[in-house]
Asks: 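Mind having a look at this structure? Questions to follow.
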Amino acid sequence: MLRIIKTACPHDCPDTCSMLATVEDGRLLCVSGNPENPFTRGNLCRKVAHYEERVYSPDRLLTPLRRVGKKGAGEFEPISWEAAIAEIAGRWKGIIAESGPEAILPYSYAGTMGVVNMSACDARLWNRMGASQLLRTICSSAAEVGYGYVNGWSGGMDPEDFANSRFIIAWGTNLSSTNVHQMPFVREAQAKGATFVVIDPYRTRTANAADWFVQPKPGTDAALALGMANVIFQENLHDPEFLEQSTVGWEAFRERCAEYPLERVAQITGLEADEIARLARAYATKTPSAIRLGYGLSRNGNGGGMIRAIACLPAVIGAWGKPGSGLLLSTSAHFPLNNRNIKRPDLVHSPDDESAIKWGRSVPRAINMNTIGKALLETADPPIRALYVYNSNPAAVAPNGNLVRQGLLREDLFTVVHEQMMSDTARYADILLPATTQMEHLDLMRAYGHLYLNLCQPAVPPLGESRPNIDVLNSLAKAMDYSDSVFDETAEEIIRGALVSDSLLMAGITFEHLQEHGFAKLRTTTEPFVPYADSGSGGARGFKTLSGKVEFLSSKAERDGFDALPTYEPPAESAEADPELARRFPINLLSPAAHHFLNSTFSNLPSLQKSEKEPRIWVHPDDAESRGIADGDWLRVWNRRGEVKLRAVVSENVKPGVAWSPSLWWNRDSPDGGNVNMLTSDRLTDMGGGSTFHTNLVQFARCAE
Ligand SMILES: Nc1nc2c(c(=O)[nH]1)N[C@H]1C(S)=C(S)[C@@H](COP(=O)(O)OP(=O)(O)OC[C@H]3O[C@@H](n4cnc5c(=O)[nH]c(N)nc54)[C@H](O)[C@@H]3O)O[C@H]1N2
Ligand SMILES: Nc1nc2c(c(=O)[nH]1)N[C@H]1C(S)=C(S)[C@@H](COP(=O)(O)OP(=O)(O)OC[C@H]3O[C@@H](n4cnc5c(=O)[nH]c(N)nc54)[C@H](O)[C@@H]3O)O[C@H]1N2
Ligand SMILES: [Mo]
């Protein structure tokens, strides 16, 4: 008997595809895209198309395990769930009694983006406990803060509206790999005569699909954006009416842009002055024009400032409030889900809470996830004594990997990992718990690259003894003697609570509706949705800044210690800011998303490893020649933080002085057991405490096989 279940892809990707799972006798046979969804249109990416390979992978964890060997050796013995939960709660109670709840650190990210298993069940437990808070900054925080200074939130265009654009820029995003369902809308526009531009220091797959590829030096895009705005103002291509009615500080901004004449911008970015001028003119005149801005470029030391400068461009030309026009960073803020019901902030300690009085802090301290290595090794008052990892694989994905390893190797750290796979991080666990995949549990997905909610309905029973996050965290809450009724809520109850909304965008989107259809688009007033369209004459309203307008001049930014106007600053670890360092380590290594992996998810599957071939590094022929390197040689790549071995691809896809290594291989499958994050820096971005994976100076040389 074949059954087809409507579900969705839970992984950390803008596309959040509507899927159909085909099941026979409780076994997942295959998955396919749900053809009814107008955004994902029945197509799945290469990674997810054979999801059964992931569900039934030999790396799946099927029983709870207790460490028997040395820390990190990956040697375990099976134990029962009862024993595992009792042991964890017992250790936590002891630690809380001695050092307070902040000695416990949960570490998680978006292994699943489900509302239940990423946002609800965990927040409730950690809030109730008063555990250290984790700042979830590894991906988007710099971009959100930089963009937020301009528009007040991270929302923007409907991705489906790109089909109506005549000029599209993919700026620091590799859509053909990381947001594949955006591309048909781009191609539709191209077929109607639109120009598609890619701005990226690496010639990506997306660049190969573009009409115009612009290749600046990494970390210089703020100068490029300000230089473009300068051309637009000088040539009178700006929209004075929009600027007057809907923005703050545009004349001061125009003066700031005048500090970025073409020659200076050409020198900073490494682009020809003429190309910058042509790009600015085309952007301003071939309207409606749209920018798809990626998080990728924000992962530079100056990432927040770059995003902030780029985010100003649509307002300069009055692009907001019109079809096919504007900018899209993320759609996640568009979903009016009931965050109070989801996270239950009322469970946070009140100042007269017993534990808060005893330990002296009513709001627990926050630890930035990008500096997890340092936090494990150096945090005091109290030190981190227990770590609980779920939805993430920090041993592979976090920067400054050698430090992360050292932290995880601490003998006195009690580490629990709840995982689907025997991941790099799982090997460091003291107690290792098996997690269900999305095929085995219920959840609700919002998306960061479109406006559809999806219900993930379980297709098969949990494999082995695996359990979803909600079951495990609720069991732990009970074992901790927390009697709050929220720890009895089921996934369905949480989803129903999340859908409670008085927003018109949610009209009729009920649990039953989602069960029947699998997905629902937010009930926007126009189709496609056009943000800020309900404007007064000549302008657009509804920006979420304090002024309600686009803020070139931001008093909020100023209060936060930044320039009141967008500006260009080189990242700290760059030739411009630190020439001495750049002499020793002259290559800027970018390590963005790999086509066949999703961060470190899927990187263990043989078929996808085969497509991704080997841990590799793309280097320019000049940089290869000067070091006697031939295509296919093994390279030793190093800096002050670490050293890794990668296979050389000699290629003009990068400019001299830049290298590119797609991420992420597991350490397990990397030569010498270390992936590219042994090199990356845990220095934080200018804004938002974000990650700086692309601001990474290295040196390389040929090495033996
Ligand atoms: N196949 C695949 N898809 C994914 C992921 C994956 O790992 N694999 N990861 C998912 C996740 S978690 C995220 S956040 C998104 C990320 O999706 P994207 O935002 O597309 O991120 P990346 O591919 O990491 O980086 C995009 C591009 O930014 C470029 N870049 C780096 N520095 C600069 C710069 O200074 N200026 C400019 N202009 N460009 C720069 C890189 O060369 C890269 O091509 O993708 C999601 N989708
Ligand atoms: N060098 C370099 N490093 C990077 C990046 C880069 O571009 N370059 N990208 C960064 C970015 S953008 C991001 S978002 C981070 C992502 O970093 P992570 O959030 O750690 O993402 P993944 O590597 O996908 O690991 C997610 C893990 O969660 C597990 N998981 C999935 N679903 C569940 C579940 O329901 N329950 C439990 N308990 N576990 C589950 C998966 O098996 C997987 O091992 O990586 C960052 N690291
Ligand atoms: Mo991400």
Side-chain angles (χ1 to χ4, degrees), residues 10-15 45-47 54 59 107-114 117-118 136 138-140 143 170-175 177-180 198-207 214-221 224 292-300 302-303 306 310 369-370 389-394 396-399 401 417-421 423-426 433-438 440-441 443 448-449 466 468-469 472 571 588 590-604 654 658 660-664 666 675-677 679-680 691 693-696:
H11 291 288
D12 187 351
C13 168
D15 295 18
C45 70
R46 274 284 307 283
K47 308 179 290 298
R54 182 162 194 277
D59 292 322
Y107 187 100
S108 66
Y109 201 62
T112 167
M113 298 205 299
N117 289 296
M118 175 191 182
R136 283 175 164 171
I138 203 164
C139 178
S140 61
W171 201 323
T173 178
N174 182 10
L175 304 177
S177 291
T178 63
N179 187 187
V180 295
V198 167
I199 304 179
D200 199 303
Y202 175 78
R203 180 180 283 278
T204 56
R205 282 173 188 251
T206 319
V214 179
Q215 194 171 18
K217 287 185 195 162
T220 64
D221 301 64
L224 177 58
R292 181 68 171 94
L293 186 51
Y295 286 123
L297 102 156
S298 75
R299 294 184 204 113
N300 279 285
N302 56 359
M306 290 204 285
I310 296 166
M369 69 188 299
N370 292 317
V389 184
Y390 57 105
N391 295 349
S392 184
N393 185 10
V397 307
V417 178
H418 184 206
E419 245 300 346
Q420 296 162 343
M421 303 287 166
S423 68
D424 287 338
T425 309
L433 306 171
T436 42
T437 70
Q438 193 55 68
E440 300 145 62
H441 61 243
D443 217 325
Y448 64 94
S466 62
N469 296 0
V472 179
N588 187 338
L590 310 171
S591 60
H595 185 77
H596 303 92
F597 301 155
L598 188 115
N599 306 315
S600 75
T601 302
F602 300 101
S603 320
N604 57 321
V654 282
V658 180
W660 185 83
S661 180
S663 66
L664 274 164
W666 285 16
N675 74 8
V676 71
N677 277 329
L679 303 171
T680 54
S691 58
F693 292 108
H694 304 315
T695 298
N696 181 15

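Everything numeric in this text was worked out from a predicted model, so none of it was measured. Both ligands and their constituent atoms are indexed starting at 1 by order of listing. When reading the values below, keep in mind they use all heavy atoms of this one structure, side chains included, and skip hydrogens, waters and symmetry mates.
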Asks: Heavy atoms only: give me the nearest Pro14-Arg292 pair and the separation to one decimal.
Replies: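 Closest approach of Pro14 to Arg292, heavy atoms only: CB-NH2, 4.1 Å.
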Asks: Under 4.0 angstrom from ligand 2, any heavy atom of Asn117?
Replies: no
Asks: Does ligand 1 have any atom that is closer than 4.0 Å to a heavy atom of Arg299?
Replies: yes
Asks: Just need the protein heavy atom nearest to atom 22 (P) of ligand 1, so name the residue and atom and give the distance.
Replies: Pro592 CB, 3.7 Å
Asks: Hydrogens and angles aside, do Thr425 and Asn393 bring a side-chain donor and acceptor to less than 3.5 Å of each other?
Replies: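 There is such a pair (donor and acceptor under 3.5 Å, judged by atom type) between the side chains of Thr425 and Asn393.
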Asks: Please identify which atoms of ligand 1 are closer than 4.0 Å to at least one heavy atom of Gly172.
Replies: 19 (O), 26 (C), 27 (C), 28 (O), 37 (C), 38 (N), 39 (N)
Asks: Where is the nearest protein heavy atom to atom 30 (N) of ligand 1: which residue, which atom, and how far?
Replies: Pro201 CD, 3.8 Å
Asks: Please answer whether the main-chain N or O of Val389 pairs with a side-chain N or O of His418 as donor and acceptor at a distance below 3.5 Å.
Replies: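 No, His418 side chain to Val389 backbone: no donor-acceptor pair under 3.5 Å.
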Asks: List ligand 2 atoms under 4.0 Å from Asn677, heavy atoms only on the residue side.
Replies: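 Counting from 1, the qualifying ligand atoms are 1 (N), 2 (C), 3 (N).
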Asks: State, yes or no, whether a side-chain contact exists between Leu297 and Trp171 at a heavy-atom distance under 4.5 Å.
Replies: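 SC-SC contact between Leu297 and Trp171 confirmed.
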Asks: With heavy-atom distances below 4.5 Å as the criterion, would you say the side chains of Cys13 and Leu598 are in contact?
Replies: yes
Asks: Within the 4.5 Å heavy-atom criterion, are Ser663 and Asn675 side-chain neighbours or not?
Replies: no
Asks: Could you name the option among Tyr295, Phe693, Phe597 that has the heavy atom nearest to atom 8 (N) of ligand 1?
Replies: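 Considering heavy atoms of Tyr295, Phe693, Phe597, the nearest to atom 8 (N) of ligand 1 sits in Phe597.
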Asks: Pick one of side chain, backbone, both or neither for how Ala110 approaches ligand 2, counting any non-hydrogen atom pair under 4.0 Å.
Replies: backbone
Asks: If you round to the nearest 0.5 Å, how far is CG of Asp221 from CD1 of Ile310?
Replies: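 One gets 5.0 Å once the value is rounded to the nearest 0.5 Å.
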Asks: Nearest to atom 18 (P) of ligand 2, what protein heavy atom do you find, and at what distance?
Replies: Ser392 OG, 3.7 Å
Asks: Would you kindly say whether Asn696 and Thr680 are connected by a side-chain donor-acceptor distance under 3.5 Å?
Replies: no
Asks: Which ligand 2 atoms does Arg54 reach within 4.0 Å, using its non-hydrogen atoms?
Replies: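 Under 4.0 Å from Arg54, ligand 2 has these atoms: 41 (C), 42 (O).
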Asks: Is there a side-chain contact between Val180 and Asp15 in this structure, where contact means two heavy atoms from C-beta onward sitting under 4.5 Å apart?
Replies: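 Val180 reaches Asp15 side chain to side chain.
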Asks: Would you say Thr173 and ligand 1 have an N/O pair spaced under 3.5 Å apart?
Replies: yes
Asks: May I ask you to decide if Ile138's main-chain N or O and Ser691's side chain share a donor-acceptor pair within less than 3.5 Å?
Replies: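 Side chain of Ser691 to backbone of Ile138: a pair is present.
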Asks: One residue to check: Thr425. Relative to ligand 2, which of side chain, backbone, both or neither has a non-hydrogen atom less than 4.0 Å away?
Replies: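 The answer is neither.
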Asks: Heavy atom to atom 42 (O) of ligand 2, shortest distance: which of Glu419, Met369, His441, Met113 holds it?
Replies: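 When every heavy atom of Glu419, Met369, His441, Met113 is considered, Glu419 comes closest to atom 42 (O) of ligand 2.
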Asks: Does Arg299 reach the side chain of Cys139, with side-chain heavy atoms less than 4.5 Å apart?
Replies: yes
Asks: Using a 4.0 Å cutoff against the non-hydrogen atoms of Thr601, which atoms of ligand 2 qualify?
Replies: 22 (P), 23 (O), 24 (O), 25 (O), 26 (C), 43 (C)
Asks: Of the backbone atoms (N, CA, C, O) and the side-chain heavy atoms from C-beta on, which set of Cys139 has a member under 4.0 Å from an atom of ligand 1: side chain, backbone, both, or neither?
Replies: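 Just the side chain.
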Asks: So which heavy atom in the protein is nearest atom 10 (C) of ligand 1, and how far is it from that ligand atom?
Replies: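 Nearest protein contact, heavy atoms only, for atom 10 (C) of ligand 1 is Asp12 O, 3.0 Å.
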Asks: Tell me which part of Thr437 gets within contact of ligand 2: side chain, backbone, both or neither, using heavy atoms under 4.0 Å.
Replies: neither
Asks: At what distance, to the nearest 0.5 angstrom, does OG1 of Thr204 lie from CD of Gln215?
Replies: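 Here the interatomic distance stands at 9.5 Å.
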Asks: Under a 4.0 angstrom heavy-atom cut-off, which atoms of ligand 1 come close to Leu598?
Replies: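 So the atoms of ligand 1 that pass are 4 (C), 5 (C), 6 (C), 7 (O), 8 (N).
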Asks: State whether the shortest distance between N or O atoms of His595 and N or O atoms of ligand 1 falls below 3.5 angstrom.
Replies: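 N/O-N/O distance below 3.5 Å exists for this pair.
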Asks: Do Glu440 and Gln420 touch side chain to side chain, with heavy atoms closer than 4.5 Å?
Replies: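 Not in contact.
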Asks: Find all atoms of ligand 1 within a distance of less than 4.0 Å from any non-hydrogen atom belonging to Met306, and give their numbers and elements.
Replies: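 Selected atoms, number and element: 35 (O).
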Asks: How does Ala594 reach ligand 1, by side chain, by backbone, by both or by neither, if only non-hydrogen atoms under 4.0 Å count?
Replies: backbone
Asks: Identify the protein heavy atom lying closest to atom 45 (O) of ligand 1, giving its residue, its atom name and the separation to 0.1 Å.
Replies: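 Answer for atom 45 (O) of ligand 1: Thr178 CB, 3.3 Å.
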Asks: Does Thr204 reach ligand 1 with a nitrogen or oxygen that is under 3.5 Å from one of the ligand's nitrogen or oxygen atoms?
Replies: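 So ligand 1 has no N or O lying under 3.5 Å from an N or O of Thr204.
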Asks: Would you check, one step at a time, whether the test side chain to side chain contact (heavy atoms under 4.5 Å, CB included) holds for Leu664 with Val397?
Replies: CA-CA 7 Å; Leu664 274 164; Val397 307; 3.8 Å; yes
Asks: Using modelled atom types only, decide if a donor and an acceptor are shared between the side chain of Asn302 and the backbone of Gly219 within a distance under 3.5 Å.
Replies: yes
Asks: Of all the non-hydrogen atoms in the protein, which one sits nearest to atom 35 (O) of ligand 1, and at what distance?
Replies: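 Looking at atom 35 (O) of ligand 1, the protein heavy atom closest to it is Gly219 N, 2.7 Å.
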Asks: Which residue owns the protein heavy atom closest to atom 43 (C) of ligand 1, what's the atom, and how far is it?
Replies: Asp200 OD2, 3.3 Å
Asks: Under 3.5 Å, N or O to N or O, is Ala593 touching ligand 1 that way?
Replies: yes
Asks: Heavy-atom distances under 4.0 Å decide this one: backbone, side chain, both or neither, for Ser591 against ligand 2?
Replies: both
Asks: Which bit of Tyr109 is near ligand 1, meaning a heavy atom under 4.0 Å away: side chain, backbone, both or neither?
Replies: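 Neither part.
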Asks: Go through ligand 1 atom by atom and flag the ones less than 4.0 Å from a non-hydrogen atom of Gly294.
Replies: 19 (O)
Asks: Regarding atom 47 (N) of ligand 2: of the candidates Val397, Leu433, Asp424, which has the closest heavy atom?
Replies: Val397
Asks: Just to confirm my output: which protein heavy-atom neighbour is closest to atom 25 (O) of ligand 1, and how far is it?
Replies: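 Closest protein heavy atom to atom 25 (O) of ligand 1: Gly296 CA, 3.3 Å.
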Asks: Do the non-hydrogen side-chain atoms of Trp666 and Met421 ever get within less than 4.5 Å of each other?
Replies: yes
Asks: Suppose we measure from atom 15 (C) of ligand 1 to each protein heavy atom; which comes out shortest, and what is that distance?
Replies: Tyr448 OH, 3.9 Å
Asks: Between Ser600 and ligand 2, which part of the residue brings a heavy atom under 4.0 Å of the ligand: side chain, backbone, both or neither?
Replies: both
Asks: Run down the list Asn599, Asp221, Leu293, Val198 and name the one with the heavy atom closest to atom 34 (C) of ligand 1.
Replies: Asp221
Asks: Judged by non-hydrogen atoms, does His11 sit under 4.0 Å from ligand 2?
Replies: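 Heavy atoms of His11 never come under 4.0 Å of ligand 2.
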Asks: Just so I know, are the side chains of Arg54 and Lys47 near enough to count as touching, which here means a heavy-atom distance under 4.5 Å?
Replies: no
Asks: Tell me whether ligand 1 is touched by Lys217 - counting only heavy atoms on the residue side and a distance under 4.0 Å.
Replies: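 Heavy atoms of Lys217 never come under 4.0 Å of ligand 1.
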Asks: How long is the gap from OH on Tyr109 to OG on Ser392, to the nearest 0.5 Å?
Replies: 9.5 Å
Asks: Does Asn300 approach ligand 1 within less than 4.0 angstrom via side chain, backbone, both or neither, non-hydrogen atoms only?
Replies: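 It is the side chain that gets close, since no backbone atom is under 4.0 Å.
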Asks: If you count the atoms of ligand 1 from 1 in the order shown, which ones are under 4.0 Å from a heavy atom of Pro218?
Replies: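 Once the distances to Pro218 are compared, the set is 35 (O).
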Asks: Considering only heavy atoms of Ala435, which atoms of ligand 2 have at least one such atom less than 4.0 Å away?
Replies: 36 (N), 37 (C), 38 (N)
Asks: Please report whether ligand 1 has a polar contact with Ile199, defined as an N or O pair separated by less than 3.5 Å (distance criterion only).
Replies: yes
Asks: What are the atoms of ligand 1, with element, lying closer than 4.0 Å to any heavy atom of Ser177?
Replies: 1 (N), 2 (C), 3 (N)
Asks: Is Phe602 near ligand 1, meaning one of its heavy atoms is under 4.0 Å from it?
Replies: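 Contact check Phe602 vs ligand 1: negative.
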